[in-house]
Amino acid sequence: MSQAVAQYETPYVQILDENGNVTNPDLLPSLSDEQLRELMKRMVFTRIWDQRAIKLSRQGRLGFYAPVAGQEASMIGCEFATQKEDFLLPGYRDIPQCYFHGYPLHQLFLYSRGHQLGGKVPEGVNCMLPQIIIGAQIVQTPGVALAFKLRGEKRVAITFTGDGGTSQGDFYEGMNFAGAMNLPAVFFVQNNQYAISVPRELQTRAKTLAQKAVAAGIPGVQVDGMDVLAVYHVTHEAVERARAGEGPTMIEAVTFRYGPHTMSGDDPTRYRTKETQEEWERKDPLIRFRKYLESKGIWSESEEQAYIEEAKEIVNQALKQADEAEKMTVADLIDTMFAEPTQTLKRQRAEITGEGAN
Amino acid sequence: MAQMTMIQAITHALDLELARDERVLVFGEDVGNNGGVFRATEGLQKKYGADRVFDTPLAESGIIGLANGLAIQGFRPVPEIQFFGFVFEAFDQIAGQLARTRYRSGGRYTAPVTIRSPFGGGVHTPEMHADSLEGLFVQTPGIKVVIPSNPYEAKGLLLAAIRDPDPVIFLEHMKLYRSFRQEVPEDDYTIPLGVANVVREGKDATVIAYGAMVSVAQKAAEQWSKEKGFEAEVIDLRTISPIDIDTIVKSIQKTNRAIVVQEAQRSAGAAAEIVAQINEQAIYHLEAPVLRATPPDTVYPFGMIEDEWLPTPQYVVDTLNKVMTL
């Protein structure tokens, strides 16, 4: 005879269904009409930004870009649940969260283009520059959270990765450190179904990604990642739990990326069908939230049109500002290797600039 | 002044810095209650509390990631990798992350982290504990590599490393931990990073070494003097990244001959870089090619054959004799 020594369940949270109907009224967040409209505006902005970024990328004016359409509810809903003093550790697709947390858009353009200024996050903006190595930011998150805990600050570290990222050892190490040390951290996974081309079911035999939290002894919750209210609700709970000293949480947002992995030659038709794509597009985060807001009488098509124009203008201004950035030099790169260049680097710098060596 | 082993000098330096700078945190596997497997952190948790000196879960990438996150929030972490042979587990967090923090962020974020780790061999540990992987980090831009050769140096260099505004790998040779004692002042002193030390003056050849190979080189120099009447100048590099090429060149201008003694395998390591820099800056002062006295390019050896694999004073003397006759 055996007996269970521990039992777990993985909750799934949805508040709005595909048609914008409230399926879980008990969980409706207490947001003002203005805040609800703000969520919609941010999702509209993100969709417009994405379309513009894809175009710019095709024209060779952006460089590296990882499309976000389809994931707006996940990205906007979770960031909206944080405070400005909370610290974000993003991956390369998490540009919308960075932007709405205060990272200037023109610098995000510069980051995409491969300009050093892109990563120079302004003082007072609580965000790390985007991470490229899958999962590397996840083991850094407990460090940021421990700093807050040691200083007695009521702040939270929140990090983002994708379904592929949960296969990395660093994903477990990061959650485990945060759990073992009871740190104010949130691990937010956007399960967009594909790690480049590899489908979610090839990543793990686990039924959900959220259940990976169980092994680290922290709560894990799965949320409808196309439902901005549900994402906001679960993230808000996780962030406020962390802030109250009750420890970390892992969230799996089930979502979908409409576009390619990046604009560097990925062709999604090689690994997913038109039917799959259409199935997810019916769950679109903007459509369902628009319906919900319209049913409450706080959103209209003309309003959305006006806001689209505004969003385009913001993007244009940022692009202009990015174009004005000073050209980098190799000497500049040498100067940012250390606080004081080593003797070796000083010599190498002089070789490049032709200025007096030694 | 007190007589200290190198491990005592390291504990003493950590103690001083924990007292002086509240941003300093010491952590890793077994470093808290147990005081470290070599006792480098003995008594520090008791003195400074478990908030500042603590045990972590057993995961090297997690440990260095923790240091990275703390550093970008203004702390000065001093994590320990229990044996440097385990560093591969943390390679991305060191070479891919820490070493690039300042550069990637245009100076907005920095990583004043000092990674301490026992390395090298000669104490018959299980395989993959002993290793000389320092060369990997000589090739890693953005991180300094410091290797003390005795207790006095260990204290001054460790204090300088922790106070450095950029990441440092501080490698402590296991054989040096308790092999001898030395006078170590109890007051605060630092030894600047990137400045080599001439530990024996001589006019006939220059011997460049670091870590445990410094005393091997010194023994060889004494033997050479007795046997042949030649005087070798011995340089303790102290840091192998950056390399203090000026001190090396100055010595070669006098001796016109040089060898590099290195415990790590021969190819593409610190010794190779030293030879390359000598080639660039001092070739016209040389009477003979610069030779390397190193083990062959095998994996770090099994415990039972370490003593045959590692460079000995006799091997260094033989190499010196070679550069005199070339």
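Order of the sequence lines fixes the chain letters, A, B, ..., with proteins taken first and strands second; residue numbering starts at 1 for each chain.
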Step-by-step side chain to side chain contact (heavy atoms under 4.5 Å, CB included) determination, B:I72 to A:V144: CA-CA 7 Å; B:I72 62 173; A:V144 172; 3.9 Å; yes

Residue among B:T101, B:I143, B:I64 with most heavy-atom pairs under 4.5 Å to chain A: B:I143

Interchain contact, A:P341 with chain B, by part (heavy-atom threshold 4.5 Å): neither

Closest non-hydrogen atom pair between A:A147 and B:Q73, with its separation: CB-CB, 3.4 Å

Contact leader toward chain B among A:Q137, A:E340, A:K149, A:R151, where contacts are heavy-atom pairs under 4.5 Å: A:R151

Heavy-atom closest pair, residues A:G143 and B:L70: O-CD2, 3.4 Å

Pairs of heavy atoms under 4.5 Å with chain B: top-ranked of A:P122, A:G118, A:G169: A:P122

Side chain, backbone, both or neither of B:D92 within contact of chain A (heavy atoms, under 4.5 Å): side chain

Greater than 12 external heavy atoms within 6.0 Å of A:E240's CD: yes

Nearest non-hydrogen partners of B:G62 and A:V139, listed with the distance: CA-CG1, 3.8 Å

Chain B contact via A:L150 - side chain, backbone, both or neither, heavy atoms under 4.5 Å: side chain

Side-chain heavy-atom pair B:Q277, A:T344 within 4.5 angstrom cut-off: yes

Separation between OG of B:S105 and CG of A:L129, rounded to the nearest 0.5 Å: 6.0 Å

Residue pair B:Q93 / A:Q140, side-chain donor-acceptor N/O under 3.5 Å: yes

Closest heavy-atom pair and its distance - B:Y103, A:Q116: O-NE2, 2.8 Å

Atom NZ of B:K254: over 12 foreign heavy atoms under 6.0 Å: yes

Part of B:Q281 lying under 4.5 Å from any heavy atom of chain A: side chain

Heavy-atom pairs under 4.5 Å with chain A, option from B:G96, B:P141, B:G74, B:G142 with the top count: B:G142

Within 6.0 Å of NZ in A:K212, more than 12 heavy atoms from elsewhere: yes

Derivation and outcome, side chain to side chain contact (heavy atoms under 4.5 Å, CB included), residues B:D164 and A:F338: CA-CA 10 Å; B:D164 195 273; A:F338 294 104; 5.6 Å; no

Trace of the side chain to side chain contact (heavy atoms under 4.5 Å, CB included) decision for B:F27 with A:L146: CA-CA 12 Å; B:F27 53 87; A:L146 178 58; over 6 Å; no

Distance in Å, B:Q97 CD paired with A:I132 CD1, rounded so as to fall on 0.5 Å steps: 10.0 Å

Residue-level interface, residues 172-185 of chain A with chain B, non-hydrogen cut-off under 4.5 Å: A:E173, A:N176, A:F177, A:A180, A:M181

Crowding at CD, A:E324 (>12 non-hydrogen neighbours, <6.0 Å): yes

Closest-packed option against chain A by number of heavy-atom pairs under 4.5 Å, given B:R100, B:K144, B:E89: B:K144

Heavy atoms from other residues, nucleotides or ligands near CD of B:Q253 exceed 12 (cutoff 6.0 Å): yes

Toward chain B, the part of A:L333 with a non-hydrogen atom under 4.5 Å: both

Exam field: side chain B:R104 to backbone A:Q131, donor-acceptor pair closer than 3.5 Å: no

Contact class of B:L193 relative to chain A, heavy atoms under 4.5 angstrom: neither

